[in-house]
Amino acid sequence: MTSTTRPTAPTQGSNASIATQRNDGLLQPGGGKDGRSISAATSFSTIKGGMSYGRSVGPPGSFASNVTTIPYSRTADLSRTDMSNYANYDDGYDTTSSEQRQADYRSRIEKETKIRIGTENLLEALNSKKEKQAREQRKVVESELNTSNRKIAQLKSDLEAEIQRGSKQPPMSPRARLSQLFRSAPMRSPEGPGQQLGEVAEREHDPELESPTYILAEILQALEVEDLRPDYYVGQANDLVELFRRHSTLKYDLAWSIFGLRMQMLLLSDSREVVAAGYRVMRYAITDRKSLQTIRALQTDYLVILSLVKDGKARVEREQALKFIRAFLDVKDGCSEIHPAVARVIVAVADHSEDSLRSIATLTLAEMLVKDAQLVINAGGVSVLSDAMGNGTYHAPEALVEPFLHLMDLPARRSMLRSGFEFSSAFSTFTEPHINHLEERLKASSRLIAAMFKSWPGLMTLSLHDFLPVRSVVSSLFISHTSIRIATLDLLIDILRIKSPSWSTTFIGGRRLTTYNRVANLRVEPQEAEKTQPQAQSDEQKRNLVEHFTAVTLAILLRHGLMKGLIHAESDSPTQGLKRKTTLLIAEVLRMASDLLPTNWSQGLQALPGLLEAATQFGEDDRFQALATVYQVDSINRTLYRSTNGQASTSQTSQVVGEDGSAARARATSKTQVNATMDAAQFKLKMTDTGVLGGVNFLKWDWPLIQELIEGPMVNPQRFLEALKQEKFIHRLLGFLRPFKFRFSDEANTKSNQRYVRTACSLVKCMLQHQEGIHYLSSSKVMPQLAECLAQLDPASGITSQTNIFDPQKLFEKLVGGYFTMLGVMCRDQRGIHILIRWKIINMFYHIVELKNRDDLIRVLLTNLDYTLDSHPRIILSKAMIAGSKLMRITATRMLRKYAMMPIQTQTVVGGGAAEWSIRLLVGQLYDPQIEVCEVAIKILEEACNNITSLEYVVKCRPALDHLGEIGAPLLLRFLSTSVGYHYLDGLDYITKEMDDWFLGRNDTYVTLVEASLARALAADATVEKPFGGGLNDDHLEPIAYYSSVPPHFYRELTRTAEGCELLKAKRHFEEFAATIQDFAMEDEDPETILKVKGCLWAVGNVGSMELGAPFLEQTDVIKYIVLIAEESQVMTLRGTAFYVLGLISRSLHGQEILATHGWDGTVNVMGECLGYTLPLDFNKLFSLRPFALAGKDGRTSLIRTRPPGTVSDADPTNAGILASITKLGNTVLTNKALSELSACKQKKVPGFRSVRLFKKAMTVLAGHGYGIPQWRFVIDLFEKEVLRKIVLEEDDDGEDESSDHEREEDNDSGGRSRSGT
């Protein structure tokens, strides 16, 4: 293709020369690895009018590079130039990934939410003060609260948009995601006349219209010109990078004889910016391992070493050199092309405490450890990574532990490490209180230890040396240092995944537990509303892998003295707050032990060994402290029970002891019932005490008392008539709610002001229960004024206003959103809907959901309406689900989850029950044109299908899911759990095809899915409770429970029905799985075979977890081999998989009986139901590993060779002395002597410092020893600059050709050899 946008030819050569250059330099056109678009800050946007892209206009020196047009910044570093200022110097690592942007948004939302909670608490405290004293402070606090609310709303909106964008982008590799940490922010486009030609430049450089070969030839020819300003070369290099980006296949057809020479000249430049630009171009030219070998043939190893050892003034050059090496890791087997000397320098950078690139060098070593462990080990990088994990210098120590755990998994890789002491520095922090920077090191060590406790290889590693690391953590409870005690308690809470109750903070602060009775009672009503929904967790909670993992973690800690350490920490607490925190932790540990561990584990623990004995020692003074601890623990247990009220593991227990819904409701409403019998005199006195009758200043009203009167005495019709007619009580309350009085509507939307909304809803609900109240509410001024405000939003009403109380800012900052909550209460009652119809409010709702620019208003409307009745709100929601924007359709679809979880009503209901209606709408949403809407509907339907009746109704709707592909697969698997669904899928010929697919490959894919889900669930922070004010956008923060449960498995769903069992028996797939497990139970080398065994284990476990799977387990006797794997396998992850599978098998009664014969005990609740948490009776068998010395095949560990065989010498005595002095630099005792000797040789200007041969030998010495960056720099600075130029351009001195060839041959042999051995 020829370019049609270049009217003139370059002046640096004729057209014929250009054609020759193209034939020599290129084969075919192509393009860059990163296909991002060209921003307006590139050099193309600065082209002047009438100038083409060709470099033929004017001499090379006349080019106006972006370097010279960017204004000087007051923050710029005069010692270097920021490469981001050169023509949008943007590289492949300069745009953060979608996942990291989402994580950043979530962390910022969490931070702003905490700020908002603190501001609300301060405002609530100010409300208790006198109005005159706190007026100014209230204004400041409310202003800050409004600012925080706006920030949270904007961040949530940005997060939602990013999630939508990220769902369309392909996932990135783990290494690429790690690399995002070091990307620089993109530069803004410079303002000026050049911006006006942005569109012209984009059209001119359309990849479809330009000739990349012609442009490349022009750029390479332009780079031939010498002695120009650095800006010129940087601009040309950046243009070359942009060319690679636009044409992703161009780099595959480069003629390196020409291209490589140009790059060598850039890398040999005296300008740091030019050298950095050269590294950047080389990085974009990498394609595969062969290209890396070609690049290394250009002597880039020497250049990279020289760049990395420079001082801090050359940061931009050093950074690009390190990114160039990191690009090797993106190529398959590219790590094998990293020279050991380069690895040594990276280790030196990571070990240099004052190096600005220390973090990225540490991360690079961690990634290299995964790719080529022997290379890092031989370079001495393991000790550097170990120090970085424990000393707190690296910002993400938990990311460094993963490569070590990856090596610990297989015996062959495990033998490369010393013996498992690589993590000892982190644990020593907790036992050595007198160290520098204790706080920082405690934080880093806590994150590292928590990461190890959250993976199965980590637990296995902690079990080494008789659980020495675990004993170190527990022993830190006996240290009274305040910082260590706080860090240890927080670490234990994180490890055990304890969710602190809402009252824990105030309890630790000193409040009494007796004050929480009211809080527990207040929570009964919403929980009872939730209990009206089916308990859809019956199957999901039974397969919670995270709880099973937490059980074994708790068992490890208890076996090594956790309870004894906590009791000692409680009695020897430095502060009263830590004492209460320790007591709370003791109560939580007792509760978890009762719920998760078998009876033989927890029965002795509940007696608090050691504490009760001390309490019964009547002659000792410590008896009273022990008694107080026992009483406090018992009080916390009772308070925990009241606050949770039958949630999670206590739900079934509460049913046994009679904690049914009626009893809880009776407790919660007992006080209300007493108040309902209040006589007239008491009621009038109470109304007077509220302050409502005394004036209209609502700030002086007693709102808790008002709420109590509305929900108590006013339920009585007689008391209600007194409040309505004889007094002004209801009149003034409704007057406060009138929109145009701007009292309720002008209050700030804060946590404390939500009491107004609650009282208003209670009042409306109470009035709808009485005929007089209905008439009064319908004729009051509240409804017409509210209708007028809504009419201003309705285009069909003809009513407009410049200021509306429902504008976006007021809707978010003020309490006007509470009006929709009141209207939602009215929608729950047919009489309330009649009032809305009378004032045309329902008609306005129909028009409001059609607004295109008010998604915020539509969201508030949809989330507050009630859809229980078959009336107008259902039609409004269905209309929003069809005609709304994508965001609104997703919001409306999520609204259906509450109703889809309700039980299917057996009796006939006009219009169908709420569950049937919601399921029908969700099935309709499966055909939405946006796949995101379909995903939300699929997840809700999948959750609803946990209830058998709902599942049968979904099947009855006969949804077609072929167009959804893998998204609809989980829902189709749910259909298999009933005979109706089985026959429906069998008619579609789905079962046979899916069964063959799982047998031939999906089992292996399932292993990756379940391990990724489990890793994500374990890594999630379960100790953070969702703060107040979470909106619908918080649904994007996917629940941990979704990842902690076992993903749907085809064979498990198939085994739910008798028809499915018959098919499984006929296919004989289970027998094949059992045979594979039996044959390869002790496999510890081949990763593919291990993956196959894992897939078979999960298939057997899912079948065995069903009651109908008992015959399959008994016929094959496969459990014996699964137990063998769990107790004796040397592959850590395989042993963990067997442990989880045994937990699945213990879900069924027959599985637990079989496990009991093999020495494994399971956990049951008080009803005798199996919970699926199983542990071996001989606990040591679960963590038995062969010693490291026996891990390798030859019975020996692979020792680290830090020095090459033999010594480097030279025939010349002077050169031999120089090499000897360089060797002495590695000895701290002889360092000063060596420095003086080398400095003396430098002053004498010995000819060896101009010798290429001696330079290479010096590099060999440095590469064979653990030198620091200052030593590398000192030695390299001894040699003349032309030595490096001779090496790169292969201009060796006479008489050195033979030796240099020999050195080059040795270098190539060492660089290309396989490093998988010693």
Q. Any salt bridge between Asp355 and Arg318, counting N to O under 4.0 Å?
A. yes
Q | Met265 backbone acceptor or donor facing Ser269 side chain under 3.5 Å | A | no
Q. Considering all heavy atoms of both residues, which atom of Trp256 and which atom of Phe259 are nearest to each other, and what is their separation?
A. CZ3-CD2, 3.6 Å
(Q) One thing to verify: whether Lys1242 and Glu1280 come together as a salt bridge, which I'm taking to mean a side-chain N less than 4.0 angstrom from a carboxylate O. (A) yes
Q. Hey, is Glu319 close enough to Lys323 for a salt bridge, meaning N to O under 4.0 Å?
A. yes
Q | Nearest heavy atoms of Met1259 and Ile305, plus distance in Å | A | SD-CG2, 4.5 Å
Q) Does Ser383 use its side chain to pair, donor to acceptor, with the backbone of Gly380 at less than 3.5 Å? A) yes
(Q) Between Gln1271 and Gly1268 (side chain of the first, backbone of the second, donor and acceptor by atom type, cut-off under 3.5 Å), is there such a pair? (A) yes
Q) In terms of side-chain heavy atoms, does Ser211 have a donor or acceptor partner in Thr213 at a distance below 3.5 Å? A) yes
Q) Got Leu1238 and Leu1225 here, is their nearest side-chain heavy-atom distance under 4.5 Å? A) yes
Q) Do the rings of Tyr1267 and His1265 sit parallel, tilted or perpendicular, given the 30° and 60° boundaries? A) tilted
(Q) With a 4.0 Å cut-off on N to O distance, would you call Arg1273 and Asp311 a salt bridge? (A) no
(Q) Can you classify the ring geometry of Tyr302 versus Phe1255 as parallel (below 30°), tilted (30 to 60°) or perpendicular (above 60°)? (A) tilted
Q.
For Thr1214 versus Val1246, what's the shortest heavy-atom pair and its separation?
A. CG2-CG1, 4.0 Å
(Q) Any non-hydrogen side-chain atom of Phe404 less than 4.5 Å from a side-chain atom of Val382? (A) yes
**Q.** Separation of Leu268 CG from Leu303 CG (nearest 0.5 Å)
**A.** 6.0 Å
Q) Hey, are the side chains of Leu369 and Leu365 touching, using non-hydrogen atoms and a 4.5 Å cut-off? A) no
Q: For the pair Tyr232 (side chain) and Ala222 (backbone), establish whether a donor and an acceptor sit closer than 3.5 Å, ignoring hydrogens and angles.
A: yes
**Q.** side chain to side chain donor-acceptor pair (under 3.5 Å) between Tyr252 and Ser291, intermediate numbers included
**A.** CA-CA 9 Å; Tyr252 292 95; Ser291 67; over 6 Å; no
Q) So how far is it from Ile346 CD1 to Leu363 CG, rounded to the nearest 0.5 Å? A) 11.0 Å
**Q.** Electrostatic pair Asp288-Lys290, nearest N-O below 4.0 angstrom
**A.** no
**Q.** Salt bridge flag under 4.0 Å for residues Arg1250 and Glu1282
**A.** no
Q: Scan side-chain atoms only and decide if Tyr233 and Ser271 contain a donor-acceptor pair under the 3.5 Å cut-off.
A: no
Q: Say whether Asn238 and Glu242, considering side chains only, have a donor N or O and an acceptor N or O under 3.5 Å apart.
A: no
Q: State whether the side chain of Arg262 and the backbone N or O of Leu223 hold a donor-acceptor pair below 3.5 Å, judged by distance alone.
A: no
Q | Tyr394 side chain reached by Ser359 side chain, heavy atoms, under 4.5 Å | A | yes
